Amino acid sequence: MILYPAIDLKDGNAVRLVHGDMDQETVFNENPAAQAMEFVKAGCEWLHLVDLNGAFAGEPVNAAPVEDILKQCKVPAQLGGGIRDMATIERWLDKGLQRVILGTIAVENPDLVREAARAFPGHVAVGIDARNGRVATKGWAEETDVMVTDLAKSFEDAGVAAIIYTDIMRDGAMKGPNVEATADLARAVSIPVIASGGVSSLADLIALRDCGASLNGAISGRALYDGALDLKEALGALKT
C-alpha cells in the first residue's frame, strides 16, 4: 500500500483545512516545493497535490507552485482541483504530472472522464469526496444526491487508474479514517482505491492496510506536518 503525502495549495502556500472549510486553514509552508522535497528526501514514492483555490474556481489557480514541485521532485505526482476539460488535462500531463484527479467533472460530465481515460491510459483518476455517503463537488461546497458506490461503479469499464475516496468529515480532523466505508467501496469495485481523510497515525495506516479489502494506498497531510505520523517510519511499516 502506497503512502501519498498530501500538499494542499491555497494562495500559493502549503496548507491544511479542517473538513474542507476554506476559512479553517493552517499554513504549514510558504514554499510548497521545499515541502515536497522534504517528503521526497524522507523516501516517499508519490506526491498528492490539491489546488484548493482551483477546486472552487473551476480552473487551475496554483499552477506556479505545482510546476515548481514537478520541476524539483523526481517522484510521480497526482493533482486534483479545477481540472475540468481535456485541454487542462493534456496541459498538466505535458508538464510532467503523472496523474490527474477528476472530481466535480466526474459527476457533471462523466463522459469527459471516459474520454480522458481512453486518451491518457493510466493517467486519469476519479476523486470521490463524500459527506454522509453522498458525493460533494466544487471544492466540497455542493452536496449531491449521488451515492459514492453508484458513482464509483459507473466508471468500472472506463479504464480509470484509481479512485481517491475522501471522507470529508474526517479530513484534517485527526480523528482517523473511515475504514469501514473505504473498505466497502474497495470491495464494491475492481478499480484501485486510495483512502483519504483522517489518516493521523501509524495505527490508522495499519488499519487501512489490514481492512480486508485491497487498497492501493492512503493519503495523509496534517499528521505528517504536525509530527503525529513519521513519514520514514510509516513508509517502512507499509513495506513489511
Side-chain angles (χ1 to χ4, degrees), residues 1-10 14-22 24-25 46-56 77-84 99-108 113 124-144 146-155 160-186 188-189 191-201 204-205 207-208 211 213 215-225 229:
M1 191 173 81
I2 299 167
L3 175 58
Y4 296 75
I7 299 178
D8 290 359
L9 300 160
K10 181 175 182 285
V15 309
R16 292 302 288 169
L17 307 182
V18 177
H19 301 156
D21 186 343
M22 291 287 269
Q24 293 191 65
E25 74 170 86
W46 272 85
L47 291 168
H48 174 78
L49 314 176
V50 181
D51 182 347
L52 294 171
N53 301 104
F56 283 89
Q78 60 185 20
L79 170 70
I83 304 173
R84 297 180 190 171
R99 187 187 289 160
V100 296
I101 304 168
L102 306 180
T104 295
I105 207 68
V107 176
E108 297 183 348
V113 176
V124 176
V126 171
I128 299 182
D129 307 323
R131 189 181 286 112
N132 300 318
R134 298 184 185 277
V135 178
T137 61
K138 294 184 172 64
W140 304 349
E142 294 187 14
E143 192 168 315
T144 72
V146 180
M147 302 304 293
V148 168
T149 304
D150 292 340
L151 182 61
K153 285 183 174 179
S154 73
F155 292 111
V160 299
I163 288 173
I164 291 126
Y165 171 65
T166 303
D167 186 313
I168 294 169
M169 298 313 294
R170 304 295 182 101
D171 191 72
M174 299 289 285
K175 294 182 178 179
N178 191 333
V179 176
E180 183 178 359
T182 306
D184 286 346
L185 177 61
V189 295
I191 305 166
V193 172
I194 299 169
S196 176
V199 176
S200 55
S201 67
D204 289 340
L205 285 175
L208 288 167
C211 70
L215 297 180
N216 172 271
I219 294 165
S220 183
R222 181 174 290 273
L224 295 174
Y225 295 104
L229 182 63

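Remember, it's a predicted structure, so these values are computed and weren't measured experimentally.
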Visitor: Give a yes or no on whether the backbone of Ile164 and the side-chain of Ser196 come within a donor-acceptor separation of less than 3.5 Å.
Guide: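 No, Ser196 side chain to Ile164 backbone: no donor-acceptor pair under 3.5 Å.
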Visitor: Between Ile101 and Ile83, does the side-chain contact (heavy atoms from CB on, under 4.5 Å) criterion hold? Intermediate values first, please.
Guide: CA-CA 7 Å; Ile101 304 168; Ile83 304 173; over 6 Å; no
Visitor: Return the CG to CG distance between Asp129 and Leu151, rounded to the nearest 0.5 Å.
Guide: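 Between Asp129 CG and Leu151 CG, I get 10.0 Å after rounding to 0.5 Å.
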Visitor: Work out which heavy atom in Gly54 is nearest to a heavy atom in Arg84; give both atom names and the distance.
Guide: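 It is O-NH2, 4.3 Å.
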Visitor: Within a strict 4.5 Å, meaning less than it, do heavy atoms of the Val199 and Ile219 side chains meet?
Guide: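 No. Closest side-chain heavy atoms not under 4.5 Å.
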Visitor: Could you report the tightest heavy-atom contact between Met147 and Gly133, atom names first, then the distance?
Guide: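 Where Met147 meets Gly133 most closely, the heavy atoms are CE-O, 3.5 Å.
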Visitor: What is the distance from atom OH of Tyr165 to atom OG1 of Thr149, rounded to the nearest 0.5 Å?
Guide: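 Atom-to-atom, Tyr165:OH and Thr149:OG1 are 8.0 Å apart.
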Visitor: Determine the minimum heavy-atom distance between Ala6 and Arg16, stating which atoms define it.
Guide: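 Taking Ala6 first and Arg16 second, the nearest heavy atoms are CB-NH1, 3.8 Å.
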Visitor: Please find the pair of heavy atoms, one from Ser220 and one from Ala223, that lie closest to each other, and give the distance.
Guide: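 The pair with the smallest heavy-atom distance is OG-CB, 3.7 Å.
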Visitor: Short question: side chain of Arg222, backbone of Gly198 - any donor-acceptor pair under 3.5 Å?
Guide: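 No: the side chain of Arg222 does not pair with the backbone of Gly198.
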Visitor: Residues in side-chain contact (heavy atoms from CB on, under 4.5 Å) with Ala207, at least two apart?
Guide: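 In terms of side-chain contact (heavy atoms from CB on, under 4.5 Å), with neighbours along the sequence ignored, Ala207 is linked to Val179.
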Visitor: Under the criterion side-chain contact (heavy atoms from CB on, under 4.5 Å), I'd like the reasoning laid out for Leu17 against Asp8: C-alpha separation, chi angles, the key distance, then a yes or no.
Guide: CA-CA 8 Å; Leu17 307 182; Asp8 290 359; 5.6 Å; no
Visitor: Quick one: which of Met1, Gln78, His48 gives a side-chain contact (heavy atoms from CB on, under 4.5 Å) with Ile194?
Guide: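 The passing option is Gln78.
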Visitor: According to side-chain hydrogen bond (donor to acceptor under 3.5 Å, both in side chains), who are the partners of Asn53, at least two apart in sequence or on a separate chain?
Guide: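 So Asn53 forms a side-chain hydrogen bond (donor to acceptor under 3.5 Å, both in side chains) with Asp11, Asn62.
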Visitor: Does Asp184 have any side-chain hydrogen bond (donor to acceptor under 3.5 Å, both in side chains) partners at least two apart in sequence or in another chain, and if so, which?
Guide: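 Per chain and number, Asp184 pairs via side-chain hydrogen bond (donor to acceptor under 3.5 Å, both in side chains) with Arg187.
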Visitor: Can you check whether Tyr225 reaches Val15 side chain to side chain, under 4.5 Å on heavy atoms?
Guide: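 A side-chain contact under 4.5 Å is absent here.
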Visitor: Looking just at side-chain N and O atoms, do Thr104 and Thr137 make a donor-acceptor pair shorter than 3.5 Å?
Guide: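 Side-chain D/A pair, Thr104 to Thr137: absent.
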Visitor: Only counting residues at least two apart or in another chain, list the ones meeting ring-ring contact (aromatic ring centres under 6.0 Å, His included) with Tyr4.
Guide: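 Checked Tyr4 against ring-ring contact (aromatic ring centres under 6.0 Å, His included); matches are Trp46.
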Visitor: If I compare all heavy atoms of Lys153 with all of Ala188, which pair ends up nearest, and what's the gap?
Guide: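 Looking at all heavy atoms of both residues, the shortest contact is CE-O, 3.7 Å.
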Visitor: Can you tell which of Thr182, Asn178, Asn132 makes a side chain to side chain donor-acceptor pair (under 3.5 Å) with Asp167?
Guide: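 Single pass found, and it is Asn178.
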Visitor: Under the side-chain contact (heavy atoms from CB on, under 4.5 Å) rule, what do Leu229 and Leu205 come out as? Steps first, then yes or no, please.
Guide: CA-CA 10 Å; Leu229 182 63; Leu205 285 175; 4.0 Å; yes
Visitor: With Ser201, which residues qualify under side-chain contact (heavy atoms from CB on, under 4.5 Å), at least two apart?
Guide: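 Partners of Ser201 under the side-chain contact (heavy atoms from CB on, under 4.5 Å) test: Ala203, Asp204.
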Visitor: Among all residues two or more places apart in sequence or in another chain, which pass the ring-ring contact (aromatic ring centres under 6.0 Å, His included) test with Phe155?
Guide: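 For Phe155 there are no ring-ring contact (aromatic ring centres under 6.0 Å, His included) partners, ignoring immediate neighbours.
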Visitor: Could you tell me which non-hydrogen atom of Ala213 sits nearest to which non-hydrogen atom of Ala186, and how far apart they are?
Guide: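 Answer, listing the atom of Ala213 first, then Ala186: CB-CB, 3.7 Å.
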